[in-house]
Amino acid sequence: MPAVAYSNEEILDIVKKSGTGEEAALRKFFDIFSQDIYNFPIRVFHLSEDDASDYYIYAFERLKTGKRFQSFVGKSSFKTWFFSVLRNLLIDWQRTKRELKIHSLGKVNKDGKEYNTIEDEPDVRAEEQTLAIDVSEKFQAALQEVKLESRVVFKLSFIYYLHLTEEEVKYIAEKANITTVDLQIEILALREGLADKEEDNLRNEDKITSLYLNILDLKEQKKTKATGDSIEATHLRDRIDHSLKKKYEQRRKLIEKKQKGHFLVRTPYREISRILGISEGGVSVTLLRVMEKFQKNFRDFAEEN
């Protein structure tokens, strides 16, 4: 049954009873909100439907007792609070999904309905892990095909994520005319400086989620507080519509930046230029050529798979 069939008071009553573990209330809660749980990782984090299904099972297992609902105190709308809970669960799931094991033969679908499965049901996790390993190996192989002087430019550009080999450390130390120990100290300092940028990126990720929750809250306000033809209601709708438009645009820009790779931590060209003694333009051109080589290799890899 869709959530619109229930008043706010009825929803709060269901949540309160669910917090006590009442089975009927919990069943009703999942009837109302199962689609929200399933859609959350798709709409907010742009994950695939397969991931959404796995996440649904993870979230259901942690919500089915109702204990988490005991922390809802009504300071915000329930849906705003609930989406914050779903966000935290999604972060936990992403951290542990590689280790997640489901031992029971009983499973739950995206609608919250239990069903029985058989032991030889296809498990795609092994295939996904194999694909991830293949991609990683392909990346490392492609990186090793890049000539040394271009490879170190690429690795220094993404030094926050990548590690230098002994050969690469020796090459850079000679170019910079410093000892390998001094170079390692400098690389460590670079990574520490880039960690601040990563914190900014994480804050932007949080902001995307926060904007989504704000949008939901404004829509709820419009539905519950800005109805009717009175002057006050009309003015409130106008203010909410203006705020919605602004937040939609802010969220769109952040998602666009993320999709363009702006949330990746990249070493400034000037730092690479200083270390290697080449121009910033030379760094840019070299990085572009390496990227083009990667794109070609991975296009070929995608066609093969």
Side-chain angles (χ1 to χ4, degrees), residues 1-45 47 52-93 108-114 206-248 250-251:
M1 188 177 294
V4 292
Y6 294 89
S7 69
N8 187 55
E9 289 75 17
E10 287 173 322
I11 292 290
L12 295 180
D13 184 58
I14 291 168
V15 170
K16 183 178 179 180
K17 290 177 179 177
S18 294
T20 67
E22 183 181 305
E23 290 186 9
L26 284 165
R27 282 197 300 272
K28 189 172 289 187
F29 174 84
F30 283 105
D31 283 342
I32 298 169
F33 290 104
S34 62
Q35 200 62 38
D36 286 317
I37 299 170
Y38 176 77
N39 287 332
F40 182 80
I42 298 174
R43 292 177 177 173
V44 182
F45 289 86
L47 300 186
S53 295
D54 289 343
Y55 167 71
Y56 181 91
I57 295 171
Y58 180 88
F60 179 85
E61 288 296 316
R62 283 147 187 81
L63 294 171
K64 67 181 182 181
T65 64
K67 288 182 179 179
R68 287 180 184 263
F69 303 131
Q70 295 173 5
S71 64
F72 176 64
V73 293
K75 290 184 178 179
S76 60
S77 74
F78 172 72
K79 208 158 188 180
T80 299
W81 175 87
F82 185 50
F83 274 91
S84 295
V85 171
L86 291 181
R87 174 185 174 276
N88 291 334
L89 285 173
L90 190 137
I91 291 171
D92 291 341
W93 170 73
V108 180
N109 66 16
K110 68 180 182 182
D111 296 319
K113 308 297 183 185
E114 290 189 0
D206 287 343
K207 193 171 182 180
I208 290 175
T209 307
S210 176
L211 285 167
Y212 180 77
L213 297 177
N214 287 339
I215 288 168
L216 287 177
D217 193 43
L218 285 168
K219 285 183 174 181
E220 185 70 19
Q221 288 183 45
K222 185 176 179 179
K223 185 172 68 175
T224 58
K225 299 179 181 179
T227 56
D229 298 323
S230 67
I231 295 175
E232 292 80 3
T234 301
H235 286 171
L236 181 56
R237 277 198 303 274
D238 288 343
R239 288 199 300 273
I240 290 175
D241 285 340
H242 177 75
S243 295
L244 279 170
K245 183 178 179 181
K246 184 177 180 181
K247 291 186 185 300
Y248 271 123
Q250 289 174 331
R251 186 168 178 265

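Values reported hereafter were calculated over all heavy atoms of this structure, with side chains retained and with hydrogens, waters and symmetry mates removed. Index from 1, following the sequence.
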Review point. What distance separates Arg27 CZ from Glu22 CD, expressed to the nearest 0.5 Å?
Key: 9.0 Å
Exercise for review: Take the angle between the ring planes of Phe72 and Phe78 and call it parallel below 30°, perpendicular above 60°, tilted in between.
Suggested key: perpendicular
Review point. Taking the side chain as C-beta and beyond, is there a heavy-atom pair between Ile14 and Ile32 under 4.5 Å?
Key: yes
Revision key, fill the gap. For Phe33 and Lys79 the tightest heavy-atom approach is CE2-CE, 4.5 Å
Exercise for review: Please answer whether the main-chain N or O of Leu86 pairs with a side-chain N or O of Tyr55 as donor and acceptor at a distance below 3.5 Å.
Suggested key: yes
Check your understanding: If you round to the nearest 0.5 Å, how far is CZ of Phe82 from CG of Leu63?
Key -> 5.5 Å
**Study point:** Note: Asp241-Arg237 ion pair, threshold 4.0 Å (strictly below)
**Key:** no
Review point. So do Val85 and Trp81 actually touch side chain to side chain, heavy atoms under 4.5 Å?
Key: yes
Point to revise | Rounded distance (nearest 0.5 Å) linking atom CD1 of Ile42 with atom CZ of Phe40 | key: 11.5 Å
Point to revise | Non-hydrogen atoms of Ala59 and Ile37 that approach each other most closely | key: CB-CG2, 3.9 Å
Review point. Should the heavy atoms of other residues, nucleotides or ligands under 6.0 Å from CD of Gln70 be counted, would the total exceed 12?
Key: yes
Check your understanding: Given side chains that start at C-beta, do those of Lys219 and Leu244 come closer than 4.5 Å, heavy atoms only?
Key -> yes
Exercise for review: Tell me, with the steps shown, if Lys17 and Asp13 meet salt bridge (Lys or Arg N to Asp or Glu O under 4.0 Å).
Suggested key: CA-CA 6 Å; Lys17 290 177 179 177; Asp13 184 58; 3.2 Å; yes
Review point. Taking the inter-plane angle between the rings of Phe60 and Tyr56 on a 0 to 90° scale, is it parallel (under 30°), tilted (30 to 60°) or perpendicular (over 60°)?
Key: parallel
